[in-house]
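Contents: one structure, followed by commentary.
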Amino acid sequence: MPELPEVETIATNLREGRVGQPSLIGRSILKARLLWERTLAAPSPTEFYSWLPGQVFQAIRRRGKFIVFELSQYTLLVHLRMSGDLLVESDDAPIAPHHRLLIDLDGGLRLAFNDARKFGRVWLTAEPDSVLGALGPEPLDESFTAQDLHQALHARQRQLKPLLLDQSFLAGLGNIYADEALHLAKLHPLTLSNRLTPEQSERLWLSIRHVLQEGIQRNGASIDWVYRGGDYQHFFKVYQRTGNPCYNCGTPIERLVVGQRGTHFCPTCQPLH
DNA sequence: CACGAGACCTGTTCGC
DNA sequence: TGCGAACAGGTCTCGT
């Protein structure tokens with residue numbers, strides 16, 4: 001499901017609370033229960049169950065597509081992959097289909113990890129860098145400049161689309177926002193990274209930041225049953241618009257498969273040179 | 001190093 | 001209506 005804007009929205013809601021749902025900050029954990037063991041990437045279930053009770057939520061943030069829960073002594077990391085979601089619910093609510101992990105909290109609450117496709121993963125560790133360390137830069141960070149992007153693009157020779165999806169190159173972009181950013185930047189998804197001029201790199205940098213910021217502003221995109229609450233799907237320019245006219249030039253949007261991912265682009269606005 | 005295929009999973013939609 | 005194929009917001013591993 002989620003890319004950077006959706007993960008950001010979920011993390012913000014858990015940190016700040018939303019209507020009818022309190023913040024998790026300051027809450028303590030009573031116990032945890034795994035309903036699908038493979039959801040837990042590390043440590044062992046035995047360690048997981050013994051480390052969590054008594055831990056208090058100190059901070060909640062996002063890094064790439066990971067949700068980072070800073071607890072008293074450990075860090076809980078959650079990656080939602082394709083279909084994961086995190087819900088705060090009453091601890092006596094019926095266990096919904098696809099719940100994979102329940103964490104009981106004080107105050108009669110429960111944090112539930114729901115994940116139909118079972119791809120999502122959870123880590124509990126004292127060394128979060130052991131999981132997050134390989135991630136590339138945060139695209140919205142002040143320290144990430146157009147020059148940085150240009151230099152990184154020229155350090156490799158790869159097709160732009162798969163490179164933008166590579167989380168060690170840049171953290172947080174997924175299939176939707178990569179397609180939207182490339183369209184806004186007027187770059188073909190198969191363009192080789194080291195062929196971009198400084199001007200093209202800057203356009204890509206601006207476009208990536210633009211689509212991510214707009215996504216966050218609209219609480220992410222909700223394109224099917226998996227994620228709710230976002231609006232950005234109404235503003236897609238190419239994603240899932242195959243055959244529909246480009247808003248710039250009227251040419252039908254085309255779809256091709258790149259790195260096994262559906263890829264949407266305008267052949268006129270995004271020519272392959 | 002770059003790339004493609006297969007794996008991990010379940011649910012929904014599409015095409016005949 | 002029914003049924004299999006195709007597809008889905010992600011990432012890992014393996015072979016070339």
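We name chains A, B, ... by the order of the sequence lines, and we start the count at 1 in each one.
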Sidechain N-carboxylate O distance under 4.0 Å for A/Glu70, A/Arg61: yes
Report each atom pair, protein N/O against N/O of nucleotides 14-16 of chain C, whose distance is under 3.5 angstrom.
none

DNA chain C: 5'-proximal contact among A/Leu165 and A/Gly262 (nearest heavy atom): A/Gly262
Test log, rule side chain to side chain contact (heavy atoms under 4.5 Å, CB included), inputs A/Asp104 and A/Leu109: CA-CA 6 Å; A/Asp104 286 339; A/Leu109 294 177; over 6 Å; no
A/Lys118 side-chain N/O to B/dT10 phosphate OP1/OP2 under 4.0 Å: yes
Whole-Å gap separating C1' (B/dT10) and CZ (A/Phe113): 14 Å
Contacts of A/Phe57 that satisfy ring-ring contact (aromatic ring centres under 6.0 Å, His included) - sequence neighbours left out: A/Phe69
A/His98 side-chain N/O to B/dC9 phosphate OP1/OP2 under 4.0 Å: no
Contacts of type salt bridge (Lys or Arg N to Asp or Glu O under 4.0 Å), residue A/Arg218, not counting sequence neighbours: A/Glu214
Whole-Å distance separating the CG atom of A/Asp115 from the P atom of B/dG11: 11 Å
Is there any protein nitrogen or oxygen under 3.5 Å from a nitrogen or oxygen in nucleotides 1-4 of chain B, and what are the pairs?
| from | atom 1 | to | atom 2 | distance (Å) |
| --- | --- | --- | --- | --- |
| B/dA2 | OP1 | A/Gln157 | N | 3.2 |
| B/dC3 | OP2 | A/Arg158 | NE | 3.4 |

Residue list, salt bridge (Lys or Arg N to Asp or Glu O under 4.0 Å) with A/Glu89, at least two apart or on another chain: A/Arg110
Gap between atoms OH and P, on A/Tyr177 and C/dG9 respectively (whole Å): 12 Å
Touch class at under 4.0 angstrom, heavy-atom based, for A/Asp224 against every strand present: base
Shared hydrophobic cluster for A/Leu163 and A/Leu184 (ILVMFWY, side-chain gaps under 4.5 Å): yes
Proximal nucleotide (of B/dC9, C/dG10, C/dA8) relative to the A/Tyr239 side chain: C/dA8
Rounded distance in Å between the P positions of C/dA6 and B/dG6: 13 Å
A/Glu47: side chain to side chain donor-acceptor pair (under 3.5 Å) partners, not counting sequence neighbours: A/Ser44
Integer-rounded Å distance: B/dC8 P and A/Leu40 CG: 20 Å
For DNA chain B, stems built from three or more consecutive Watson-Crick or G-U wobble pairs below 3.5 Å: B:2-8 with C:10-16, B:10-16 with C:2-8
Phosphate contact (C/dG10 OP1 or OP2) by A/Arg261 side-chain N/O below 4.0 Å: yes
Set of ring-ring contact (aromatic ring centres under 6.0 Å, His included) partners for A/His154, sequence neighbours left out: A/His150
Rounded distance (Å) that lies between atom C1' of C/dT11 and atom CZ of A/Arg121: 10 Å
Salt bridge present between A/Lys237 and A/Glu180 (N-O < 4.0 angstrom): no
Separation of C/dG10 P from A/Leu4 CG (nearest whole Å): 11 Å
Could you pull out the protein-nucleic contacts involving nucleotides 12-16 of chain B (nitrogen or oxygen on both sides, under 3.5 Å)?
none

Spacing between A/Leu135 atom CG and C/dC12 atom P, to the nearest angstrom: 9 Å
Phosphate-side-chain proximity, A/Arg100 and B/dT10, N/O vs OP1/OP2 below 4.0 Å: no
Set of residues satisfying side chain to side chain donor-acceptor pair (under 3.5 Å) with respect to A/Thr251, sequence neighbours excluded: A/Thr268
With A/Tyr239 via ring-ring contact (aromatic ring centres under 6.0 Å, His included) - residues at least two apart: A/Phe236, A/His264
Those residues that, when tested against A/His188, pass ring-ring contact (aromatic ring centres under 6.0 Å, His included) (two or more places apart): A/Phe265
Salt bridge (Lys or Arg N to Asp or Glu O under 4.0 Å) between A/Lys65 and A/Glu3, worked out: CA-CA 6 Å; A/Lys65 298 175 195 170; A/Glu3 308 179 29; 5.8 Å; no
OP1 or OP2 of C/dG9 under 4.0 Å from side-chain N/O of A/Lys65: no
A/Arg158 charged N/C atom sitting above A/Phe169 aromatic ring, 6.0 Å / 45°: no
CD on A/Glu6 to CZ on A/Arg62, rounded to 0.5 Å: 11.0 Å
Closest nucleotide among C/dG9, B/dG11, C/dG10 to the A/Ala116 side chain: B/dG11
